[in-house]
Each structure stands twice: as structure tokens, then as C-alpha cells.
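All residue numbers refer to positions in the sequence shown, counting from 1. Just the heavy atoms: all of them, side chains too, but no hydrogens, waters or symmetry mates, feed the values below.
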Amino acid sequence: MKATLLTIAMLTASNVFMTFAWYAHLKNIASQPWIIAALASWGVALFEYLLQVPANRIGHGVMNLGQLKILQECITLAVFIPFAVLYMKENLRLDYLWASLCILGAAFFIFRPEIMKLLS
């Protein structure tokens, strides 16, 4: 359980860096040439990788690759929606709900064996 929680915490922190690396330049340095944005994003992405790589190594000890990937997608959406609404000032749309339900469905199916063990 400790490895799973550590993986989730590290992937969440890594996702915050990733989201800023991918999208914050659209708000902060949109008037700069794209190469400046790319270099700034790479600098931020370094911190993402410093968290993401060990998180995946820890997580792979307790989850299979498919589970790690779907976990990452759940975390990505959980980080992206507040980022889009609070930081980028995008409108909260119903499409985020539908996307979240699809990701939750994927999480159910990929973690179904573990869920069934808990329920029995």
C-alpha cells in the first residue's frame, strides 16, 4: 500500500510540472518566440521527469504497466481540470465530466481484478 500511495503522490506532483510545462507558456510567454517557450518548458519538464521516472519504477513493483498508464491518465485529468479552470481561466464544461467518466471506466476495467478481490 505504501508503494501505491507513494507512486500516486509522486505522479501527481510530476503531473503538475508536466501540465505547466505543456500549457503555461500559452498564458505566460505567448508573445515570445516558440523556441523560448520550448526551452522554458524543457526546464520545467526536467522536474517532471525527476519525479515521474522513480514513481513509475516504484509503481511497477506493485502494478502492471496497463494499471500504471491508466493511473497516470486519471491523475492527468485530475490535475488538468483545475489547472484549466483556475489557472488558465477556461470555462468548466460538461465535457470534462464525460471525459472523467470515460477515464473512470478505463480505471475500473484495468483494476477490475483488484476491485473484485476487495469486494469478495
message: L51 vs L11, test: side chain to side chain contact (heavy atoms under 4.5 Å, CB included). Steps then yes/no.
response: CA-CA 7 Å; L51 291 165; L11 287 176; over 6 Å; no

task: Could you tell me the separation between the CD1 atom of I75 and the OG1 atom of T12, rounded to the nearest 0.5 Å?
output: 4.0 Å

query: Hey, what do you get for CD1 (I8) to CD (Q72), rounding to the nearest 0.5 Å?
result: 11.5 Å

- prompt: Which residues, ordered by chain and number, are linked to L5 in its hydrophobic cluster, where ILVMFWY side chains connect at heavy-atom gaps below 4.5 Å, directly or through other members?
  reply: M1

Please set out all donor-acceptor pairs under 3.5 angstrom arising from side-chain atoms of residues 18-33, sequence neighbours excluded.
from : atom 1 : to  : atom 2 : distance (Å)
T19  : OG1    : N15 : O      : 2.8
H25  : NE2    : W22 : O      : 3.0
K27  : NZ     : Y87 : O      : 2.6
N28  : OD1    : Y87 : OH     : 3.0
N28  : ND2    : A24 : O      : 3.4
N28  : ND2    : Y87 : OH     : 2.8

ILVMFWY network linking [X] to [Y], side-chain heavy atoms under 4.5 angstrom:
{"X": "L65", "Y": "M10", "value": "no"}
{"X": "L39", "Y": "L46", "value": "no"}
{"X": "I35", "Y": "W42", "value": "yes"}

Which residues share a salt bridge (Lys or Arg N to Asp or Glu O under 4.0 Å) with E90, sequence neighbours left out: none

Show me the donor-acceptor pairs, under 3.5 Å and distance only, between side chains in residues 92-112 and residues at least two apart or in other chains.
from : atom 1 : to  : atom 2 : distance (Å)
S100 : OG     : Y96 : O      : 2.8

query: Can you name the side-chain hydrogen bond (donor to acceptor under 3.5 Å, both in side chains) partners of Q67, sequence neighbours left out?
result: E114

message: Going by side-chain hydrogen bond (donor to acceptor under 3.5 Å, both in side chains), name the residues that satisfy it together with E48, two or more places apart in sequence or in a different chain.
response: none

query: Any side-chain heavy atom of N91 within less than 4.5 Å of one from V85?
result: no

- line: Hits for side-chain contact (heavy atoms from CB on, under 4.5 Å) against A3, two or more places apart or cross-chain, chain-then-number order -> I58, V62

- request: Determine which pairs satisfy ring pair (Phe, Tyr, Trp, His ring centres under 6.0 Å) with at least one residue from residues 47-72, sequence neighbours left out, and list them in order.
  value: F17-F47

query: With sequence neighbours left out, which residue pairs that include part of residues 68-88 fulfil the salt bridge (Lys or Arg N to Asp or Glu O under 4.0 Å) condition?
result: K69-E73

